[in-house]
Enquirer: 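Have a look at this one before I ask anything.
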Amino acid sequence: MSKNSVTITDNRNGNQVELDILDPTIGSSAIDIRKLHTKLGLFTYDPGFQATASCKSDITFIDGDKGILLYRGYPIEQLAEHSNYLETSYLLMYGHLPSKEEYHDFIGIIKKHTMVHEGIKQFFNGFQHDAHPMAIMVGVVGALSAFYHDSLDITNARHREISAHRLLSKMPTIAAYSHRRAHGLPLPYPRNDLDFIENFMYMMFSVPSREYIVDPVAVRAMRLIFILHADHEQNASTSTVRLASSSGANPFACISAGIASLWGPAHGGANEAVIHMLEEIKHPDEIPKYIERAKDKNDDYRLMGFGHRIYKNYDPRAKIIREACNDLLDAMGSNSHPLFDTARQLEKIALEDEYFLERNLYPNVDFYSGIILKALGMPLNMFTVIFAMARTAGWISQWLEMMEDKEQRIGRPRQLYTGAKVRDYVDLSKR
Ligand code: ACO
């Protein structure tokens, strides 16, 4: 019997199986359960994958109890302070910080792909004027596969790399267009003299009738949001990308699936939901009423932007962005908007409340990113789109890694069947 194993005994019949324990570089070990069904005829039951490692990955490490987040071994705090989004994207994709030459080449490649096929622009006119930009993102990103056939052979490493570059480059263009369509604004071409974040802001907010001036405060805050959201290991949207890709589907379709998953309010939709919640609360005096609702077992109401599946200590991203959020609100003046006053008081009250403390429900990164985006004048329905743009770096990195993983197989979870046992069909005349 190996020391690095566990033995599972089925107490109903005494049958046993020895399962290997797989050791990570850091973090929790995992039991390799692949033999479990063949040896004992048992599956594991784990709704929401709370205790299941679905893959091996070298990309991102989280210690939820200690509040640690590493991209390729580098602490998020260091990247947030010193890096930028494209350098961080390179790190996630290629596994190392780029040399000066690699960095300049990468920037050049990403700039080369920022435009979209003119045919894609026609799509935007087909959407309802009030379509949610996330709905447009799901459709248009999936549709990229109909335009870029020349890089769709997923067995070809170079094709995979080109598709990854295209996705990263075109996302801001598509995102900005999804906003401009709703406002009847012309669709500008990207400006490659600007950096990645500046160009996105230009594409969002420029108008042909006057010069666009980049706001450095906005760019700094956006840069931080992009780095902090770039990857987060096997979350719902990333797992969706991996599961969709496991069948061999093309990367544009798979990233579109990831965008759909991110849209939900329990995931990327939370930053938008935070603002809806603050608007509903209206005034700080109303906060206790909403706190009581969040605590009431008979009420489904939850405080948006609080809690996290993995971080049961403070979300390290929230710690970084909280400071940026406070600086921004201070710079704008404390009375700039009553909503920010409500946000600050809600944070304070929840952080002192037994219910939230006992359950380790701290404000998460979306609580603060929602407030920052609101303070920057970003339209509410673009909040989750911004998250999707930032997370594209993670999605494509995880997809590239998966495509090289020899153990990768089509994702096919099993189930604990609780339906009817075998029964005979009854003719309609007898029912
Ligand atoms: N407000 C009030 N109570 C909450 C909240 C909340 N936001 N979140 C969790 N709880 C309570 C639950 O009711 C439960 O209480 P109980 O033990 O008395 O039954 C306990 O805390 C544990 O909750 P779970 O749902 O088991 O926690 P889980 O890890 O499954 O959920 C989640 C995590 C989905 C993020 C949850 O905290 C939530 O819905 N938060 C609000 C939405 C949000 O901000 N999402 C963003 C996530 S971060 C991201 O995607 C980048």
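Here the structure is a predicted model, which is why all the values come from computation and not from measurement. Reckoned from all heavy atoms, side chains included, excluding hydrogens, waters and symmetry mates. Remember, it's 1-based here, ligands and their atoms both numbered in the order they're listed.
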Enquirer: Between Arg242 and Glu401, does any side-chain N to carboxylate O distance fall below 4.0 Å?
Expert: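 Salt bridge present between Arg242 and Glu401.
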Enquirer: Please assess Arg160 against Glu404 for the test salt bridge (Lys or Arg N to Asp or Glu O under 4.0 Å), listing each intermediate value before the final yes or no.
Expert: CA-CA 11 Å; Arg160 295 198 297 267; Glu404 300 219 325; 3.4 Å; yes
Enquirer: I'd like to know whether ligand 1 has Lys297 as a neighbour, heavy-atom separation below 4.0 Å.
Expert: yes
Enquirer: For Ala270, take its heavy atoms, then give the atoms of ligand 1 lying under 4.0 Å from any of them.
Expert: 43 (C), 44 (O), 45 (N), 46 (C)
Enquirer: Need the ligand 1 atom indices (1-based, order shown) with element for anything under 4.0 Å from a heavy-atom of Gly305.
Expert: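 So the atoms of ligand 1 that pass are 43 (C), 44 (O).
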Enquirer: Is the closest protein non-hydrogen atom to atom 42 (C) of ligand 1 under 4.0 Å?
Expert: yes
Enquirer: So for Tyr355, does at least one of its heavy atoms come nearer than 4.0 angstrom to any atom of ligand 1?
Expert: yes
Enquirer: Give me the atom names and distance for the closest heavy-atom approach of Met201 to Ala218.
Expert: CE-CB, 3.7 Å
Enquirer: With heavy atoms of Arg359 as the reference, note each atom of ligand 1 found under 4.0 Å away.
Expert: 11 (C), 15 (O), 16 (P), 17 (O), 18 (O), 20 (C), 21 (O)
Enquirer: Show me which atoms of ligand 1 lie under 4.0 Å from any heavy atom of Met304.
Expert: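 The list of qualifying atoms is 41 (C), 42 (C).
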Enquirer: Between Arg223 and Asn84, which heavy-atom pair has the shortest distance, and what is it?
Expert: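 In terms of heavy atoms, the two residues are closest at NE-CA, 4.0 Å.
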Enquirer: For Ala266 and ligand 1, does the shortest N/O to N/O distance drop below 3.5 Å?
Expert: yes
Enquirer: Flag atom 26 (O) of ligand 1 as yes if some protein heavy-atom distance to it falls below 4.0 Å, otherwise no.
Expert: no
Enquirer: With rounding to the nearest 0.5 Å, note down the distance linking CE in Met403 to CD in Gln408.
Expert: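 So the gap between those two atoms works out to 5.5 Å.
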Enquirer: Output the list of atoms in ligand 1 that are nearer than 4.0 Å to some heavy atom of Lys312, sorted by atom number.
Expert: 29 (O)
